[in-house]
Amino acid sequence: MEKQLYYDYPYVKEFDARVLSSEKRGKFYETVLDRTAFYPEGGGQPADGGILDGKTVLDVQERDGRIFHRTAEPLTAGSLVHGAIDWEKRFSLTQEHSGEHIVSGLIHRAYGYNNVGYHMGEEIQLDLDGVLTWEQLLEIEHQANEIIWKNVPLHIWYPSPEELRSIDYRSKKELTGTVRLVEIPGADVCACCGTHVERTGEIGLVKFMSMIHYKGGVRIMMLCGRKAVRAFDEKLDSTREICTLLSAKPGESAEAVRRLWEEGKEKDLAIGELTRELFRLKAMAIPGGQKVLVDTESGFSAVEIRKFCDYLMQEKKAEVVCILRKNGEGKNASLGYCIGSLSRNLRNAAGELNRELHGRGGGSPQMIQGSFSADEDKVREVLSARFAGGEADQGD
Ligand SMILES: [Zn+2]
């Protein structure tokens, strides 16, 4: 196998290598080098990005013991090339990978739970096969950060098969061949092929963001290092903006939101009373006992036309009450409708009405709601033809 510089020299950001082969595979070219600092996807850690011979490295994969660098254009076999890995990305992944080991190791030591699923995306997703409380998790976070701030060196080695048998270490699967062990003193010993920091201090910070119950255990979302600090900045910006909007002091945003919410509830109650009063006054001007009543209330919302329709039904103003409101302008104009009746089956009539008035919508036998692409006169005409003809017919 080619020389894996990311193991021997994990801080190498640029390197020179010879191209052994560069062949087309699917839409891309895959290049094999005699040595590389590009880490291939593996052990839960995404592949490195970067530049190789002036070309963007799109992916790095390991297959059959060889490392393939994927690019859009080919490289020249036999040539000497220069590679530069995207260090910001790699260092973040390294902080996250070492941080995840500390957390998984501490949880395993304290509770015996295993890391059974692991994904490094925007946040690190960690699935455990046992349930923890948020308080227990915060205690783990506290211990993890103490180990980070002690800045202890990691120990990475390849034990002999005899030595390996005497070591208690975490591993996802039964391992064969040479095993690479990563020890973080005080936290963890784990078989791993990923990249790690030299000392824990480089991780900077571990922060749990959320936890949900998942498949009999829990799924934890966490951040490490640079990404944790970036997330802190974003949350601070957002809190600052909320405080400005609420004219609240920093740290008092929750109290200000609670006040706003209570004021909102009081306003809703007052609006409800005023709306009922408005309905009562409007209803006074409408004669009762009609067959079909069509009324347009464009100042009302979709919810309000439904409430007004219901109010007029209960007041027995008509057998069939239809409240309309104008939606949109010009070509997009339509009429929102709510039709209610205590005696006619409107669900049965909805299909026919929507067909004749180019509308859509439906509901219950007592009330249907939707929109028509027709004018008010046409709605009045169609509803009168359907419902003003005396007794309820069989279909209604
Ligand atoms: Zn690992």
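Residue indices begin at 1 and follow the sequence shown. Please read these numbers as outputs of a predicted model, since none were measured by experiment. Atoms within a ligand are numbered from 1 in the order they appear, just like the ligands themselves.
- Neighbours of the Zn ion (ligand 1) restricted to protein N, O or S atoms under 2.8 Å: the count is 3.
- Among residues at least two apart or in separate chains, salt bridge (charged side-chain N to carboxylate O under 4.0 Å, His left out) pairs with a member in residues 371-382 are Glu376-Arg380, Lys378-Glu381.
- Residue Trp157 qualifies as enclosed at atom CH2: its count of foreign heavy atoms under 6.0 Å is above 12.
- Each salt bridge (charged side-chain N to carboxylate O under 4.0 Å, His left out) pair with one or both residues in residues 228-237, not counting sequence neighbours, appears once here: Glu88-Arg230, Asp237-Arg240.
- Residues Phe279 and Lys307 are in side-chain contact: their nearest non-hydrogen atoms beyond the backbone lie under 4.5 Å apart.
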What side-chain donor-acceptor pairs closer than 3.5 Å can you find for residues 207-217, not counting sequence neighbours?
residue : atom : partner : partner atom : Å
Lys207  : NZ   : Glu141  : OE1          : 3.2
Lys207  : NZ   : Glu141  : OE2          : 2.9
Tyr214  : OH   : Arg219  : NH2          : 3.1

Could you give me the CA-CA distance, side-chain angles and deciding distance for Asn145 and Gln143, then say whether side chain to side chain donor-acceptor pair (under 3.5 Å) is met?
-> CA-CA 5 Å; Asn145 283 321; Gln143 289 171 18; over 6 Å; no
